[in-house]
Asks: 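Below are the structure tokens for one structure; questions will follow.
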Amino acid sequence: MLARIEPHPLSGSVPAIASKSMAHRLIIAAALSSGTTHIVCNTSCDDIDATIRCMAALGSRIVTVEDGYEVHPVPKSIELGILKAFQGVTLDCGESGSTMRFMLPVVCALGADAKLTGSKRLAERPLAPLTEQLLAAGSTVEFSGEFPLTVSGRLRPGRFVLPGNVSSQFISGLLLAFPILPGTCEIEVHGRIESRPYINLTVQALKMFGVDVAIDRFVAPNGVDEITRFTTSGSGYRSPGEVKVEGDWSNAAFWLCAGALGTDPVKVTGISLTSAQGDRNVLAALSRFGARTKRASEAAIVQPDNLHAFSMSAQDIPDLVPVISAVAACCEGTTVIRDCARLRIKESDRLATTASELNALGAHVSIDHDSLIIHGQSQLMGGKVDSHNDHRIAMMAAIAAVRCTGPVLIHGAEAVNKSYPDFFEHYKQLGGCVELSEE
């Protein structure tokens, strides 16, 4: 799909969509719990659909209702005393890295003989050292770098060790698997944890289903490195009856950044100002850029002011980098965004595609090792960009169009369906001029 956007400021109010990060976690917990759970979730997307598809393949019955989903748990095996997974089942993870990295430990904990499959790009995203830990704990995982990935054998409870500089999804996946294992489990994470807020989301989701995670921090024997230990027991998931998926800060960030780049305020409703989501730090970043931010009850408002550059780390907020870079491209001065290594293993090499597609619009962005160097200017020219089948690159280009002098053409604009199918409808709702057509 081709999106043609005529430059125009965005203004007004738009509701936040459901957090797909939290939806993944709650759907898995509900499907593995003791009873039926009503999940209030105001929107869906391709990634959420992938997790629903996988849990349904394992035997959960998930019914779409007016305000979300009714999730019936995976059938239990009376003979074995564990949750029963279908043997020989195939789980299609689509393009969702979260789905694949969460389902892999869960399938191992269920003791299923299963195949995991998905897109070609998903197969390229790393799974070690998670797979090494699963193998050491009794599961068999066979993966050649191309799908399908095959799993058999049942995971043993015990101690798992991971470095902190790997995907936080590995830690979250193990934590989601632990409650269905018979015994106490712990993860020792050595060093500073990347994207720590996403693990906090997992702990929050587990608590909603009656699972407590003890977290301890201490200094490693070398006296230098930090170790974080997550411990939980195989007490099982207990359905609370109803849970609600909170609003998504990652996608709200696009509209808030549009407010910083435009001429009038943009308001996003339905977001929690005390959320564990790390991407709520978009407000702090925009304040540092010089935009005026306001917090209201379950809402955030951003309006423009004199924007100026600053330097920041992306270690805990990697998903914000594309749209923050679009703001930086229109600021006075040079912005440096550090600690972007993990962007290379997203839906695209997001370090490269953020730079190349902003440059295609007339920005001045370069890459220095794992940092983006962005030389700001008052306006961009517009032009043609390629989404690289990456939802955040497509949406970044649409927000950058606010400050362009000419039209922006986004090839592969359907990539937004991965996380935000209504993105262009909401873009129009805020006054944007978008024309969609087939390529």
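From a predicted model like this one, the values you see are computed outputs, not experimental measurements.
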Asks: Can you tell me which residue pairs pass the side-chain hydrogen bond (donor to acceptor under 3.5 Å, both in side chains) test with a partner in residues 162-174, sequence neighbours excluded?
Replies: Ser98-Gln169, Arg101-Ser167, Arg101-Gln169, Ser172-Thr202
Asks: Counting C-beta onward and ignoring hydrogens, is there a side-chain heavy-atom pair between Thr51 and Ile28 closer than 4.5 Å?
Replies: yes
Asks: Can you tell me how far the NE2 atom of His308 sits from the CG atom of Asp305, to the nearest 0.5 Å?
Replies: 8.5 Å
Asks: Got more than 12 heavy atoms from elsewhere within 6.0 Å of CD, Glu124?
Replies: yes
Asks: What verdict does the side chain to side chain contact (heavy atoms under 4.5 Å, CB included) test give for Ile27 and Ile39, after you've listed the backbone C-alpha separation in whole Å, the side-chain angles of each residue and the deciding distance to 0.1 Å?
Replies: CA-CA 8 Å; Ile27 289 165; Ile39 298 180; 3.9 Å; yes
Asks: Can you list the residues that meet the ring-ring contact (aromatic ring centres under 6.0 Å, His included) rule with Phe289, with sequence neighbours excluded?
Replies: Phe310
Asks: Is there any salt bridge (Lys or Arg N to Asp or Glu O under 4.0 Å) pair reaching into residues 166-177, and which pairs are they, with sequence neighbours excluded?
Replies: none
Asks: Determine, for Asp216 against Arg229, whether the closest basic-nitrogen to carboxylate-oxygen distance falls under 4.0 angstrom.
Replies: no
Asks: Testing the 3.5 Å rule here: is there a donor-acceptor pair between the side chains of Asp339 and Ser313?
Replies: yes
Asks: Walk me through whether Leu149 and Leu104 qualify under side chain to side chain contact (heavy atoms under 4.5 Å, CB included).
Replies: CA-CA 9 Å; Leu149 179 157; Leu104 181 54; 3.8 Å; yes
Asks: Do Phe102 and Thr99 have side chains that approach each other closer than 4.5 Å (heavy atoms only, starting at C-beta)?
Replies: no
Asks: Looking at every non-hydrogen atom in both residues, tell me the closest pair between Ala296 and Leu273 and how far apart they are.
Replies: O-CD1, 3.0 Å
Asks: With sequence neighbours excluded, tell me which residues meet ring-ring contact (aromatic ring centres under 6.0 Å, His included) with Tyr198.
Replies: none
Asks: Listing request: all ring pair (Phe, Tyr, Trp, His ring centres under 6.0 Å) pairs with a residue in residues 125-168, at least two apart in sequence or in separate chains.
Replies: Phe143-Phe147, Phe160-Phe178
Asks: Measure the shortest side-chain to side-chain distance between Glu298 and Ile271 over non-hydrogen atoms and say whether it is less than 4.5 angstrom.
Replies: no
Asks: Give me the atom names and distance for the closest heavy-atom approach of Leu122 to Gly94.
Replies: CD2-O, 3.4 Å
Asks: By the salt bridge (Lys or Arg N to Asp or Glu O under 4.0 Å) test, which pairs, at least two apart or in different chains, include something from residues 398-412?
Replies: none
Asks: So which heavy atom on Ser419 is nearest to which on His391, and how close?
Replies: OG-ND1, 2.7 Å
Asks: So, Ser250 and Asp279: side-chain donor and acceptor under 3.5 Å apart, yes or no?
Replies: yes
Asks: Does any part of the side chain of Ser195, heavy atoms only, come nearer than 4.5 Å to the side chain of Pro318, both counted from C-beta?
Replies: yes
Asks: Name all pairs fulfilling the side-chain hydrogen bond (donor to acceptor under 3.5 Å, both in side chains) condition that reach into residues 323-338, sequence neighbours left out, sorted by first residue then second.
Replies: Thr334-His375
Asks: Given salt bridge (charged side-chain N to carboxylate O under 4.0 Å, His left out), test Arg159 with Glu188 step by step and report yes or no.
Replies: CA-CA 7 Å; Arg159 177 171 170 266; Glu188 272 195 9; 3.0 Å; yes
Asks: Quick check for you: to the nearest 0.5 Å, what is the distance between Ile171 atom CD1 and Leu174 atom CG?
Replies: 8.5 Å
Asks: Can you measure from SG (Cys108) to CG (Leu155) and round to the nearest 0.5 angstrom?
Replies: 6.0 Å
Asks: Apply side chain to side chain contact (heavy atoms under 4.5 Å, CB included) to residues Val266 and Ile301 and explain how you reach the verdict.
Replies: CA-CA 6 Å; Val266 173; Ile301 305 164; over 6 Å; no
Asks: Who pairs with Asp46 by salt bridge (charged side-chain N to carboxylate O under 4.0 Å, His left out), at least two apart in sequence or on another chain?
Replies: none
Asks: Are Leu286 and Arg292 side-chain neighbours, meaning at least one heavy-atom pair lies under 4.5 Å?
Replies: no
Asks: Rounded to the nearest 0.5 Å, how far does CG of Leu91 lie from CE of Met55?
Replies: 8.5 Å
Asks: Say whether, by atom type as modelled, one donor and one acceptor occur between the side chain of Glu246 and the main chain of Gly270 under 3.5 angstrom.
Replies: no
Asks: Please step through salt bridge (charged side-chain N to carboxylate O under 4.0 Å, His left out) for the pair Arg350 and Asp319, ending with a clear verdict.
Replies: CA-CA 9 Å; Arg350 213 172 266 168; Asp319 286 343; 3.4 Å; yes
Asks: Tell me yes or no: between the side chains of Ser275 and Ser272, is some donor less than 3.5 Å from an acceptor?
Replies: no
Asks: Look up atom CD in Gln315 and atom CZ in Arg196, then write down how far apart they are to the nearest 0.5 Å.
Replies: 12.0 Å
Asks: Check salt bridge (charged side-chain N to carboxylate O under 4.0 Å, His left out) between Lys244 and all other residues, then give those that pass, not counting sequence neighbours.
Replies: none
Asks: If every non-hydrogen atom of Ala329 is compared with every non-hydrogen atom of Leu380, which pair is closest and at what distance?
Replies: O-CD2, 4.1 Å
Asks: Using residues 2-15 as the side-chain source, report each donor-acceptor pair under 3.5 Å to any protein atom, sequence neighbours left out, with the distance given to one decimal.
Replies:
unit_1	atom_1	unit_2	atom_2	d
Arg4	NE	Glu6	OE2	3.1
Arg4	NH2	Glu6	OE2	3.2
His8	ND1	Gly431	O	3.2

Asks: Taking the six-membered ring for Trp, is the centroid-to-centroid distance between His426 and Tyr420 below 6.0 Å?
Replies: yes
Asks: Do Gln277 side-chain atoms and Trp249 backbone N/O form a donor-acceptor pair below 3.5 Å?
Replies: yes
Asks: Ignoring hydrogens and angles, tell me if any N or O in the side chain of Asp248 forms a donor-acceptor pair with the backbone of Asn251 under 3.5 Å.
Replies: yes
Asks: Tell me if a side-chain donor or acceptor on Asp390 pairs with a main-chain N or O of Ser387 at a distance below 3.5 Å.
Replies: no
Asks: Below 4.5 Å, heavy atoms only, C-beta onward: do Val89 and Lys115 meet side chain to side chain?
Replies: no
Asks: Sequence neighbours excluded, which residues qualify as side-chain hydrogen bond (donor to acceptor under 3.5 Å, both in side chains) partners of Thr353?
Replies: Ser348
Asks: How long is the straight-line distance from CE of Met1 back to CG of Leu436, given to the nearest 0.5 Å?
Replies: 5.0 Å
Asks: Take Trp255 and Tyr427 through the test side chain to side chain contact (heavy atoms under 4.5 Å, CB included) and record every step on the way to the result.
Replies: CA-CA 8 Å; Trp255 309 127; Tyr427 196 92; 3.7 Å; yes
Asks: Does Lys346, at its NZ atom, have more than 12 non-hydrogen atoms belonging to other residues, nucleotides or ligands within less than 6.0 Å?
Replies: yes
Asks: Which heavy atom of Pro163 sits nearest to which heavy atom of Pro129, and what is that distance?
Replies: CD-CG, 3.8 Å
Asks: Is there any salt bridge (Lys or Arg N to Asp or Glu O under 4.0 Å) pair reaching into residues 407-435, and which pairs are they, with sequence neighbours excluded?
Replies: Asp47-Lys418, Glu347-Lys418, Glu425-Lys428
Asks: With a 4.5 Å limit on heavy-atom distance, are the side chains of Asn42 and Asp67 in contact?
Replies: no
Asks: Using side-chain heavy atoms (C-beta onward) and a distance below 4.5 Å, is Val213 in contact with Thr231?
Replies: no
Asks: Compare every heavy atom of Leu116 with every heavy atom of Met103, then report the nearest pair and how far apart it is.
Replies: CB-CD2, 4.3 Å
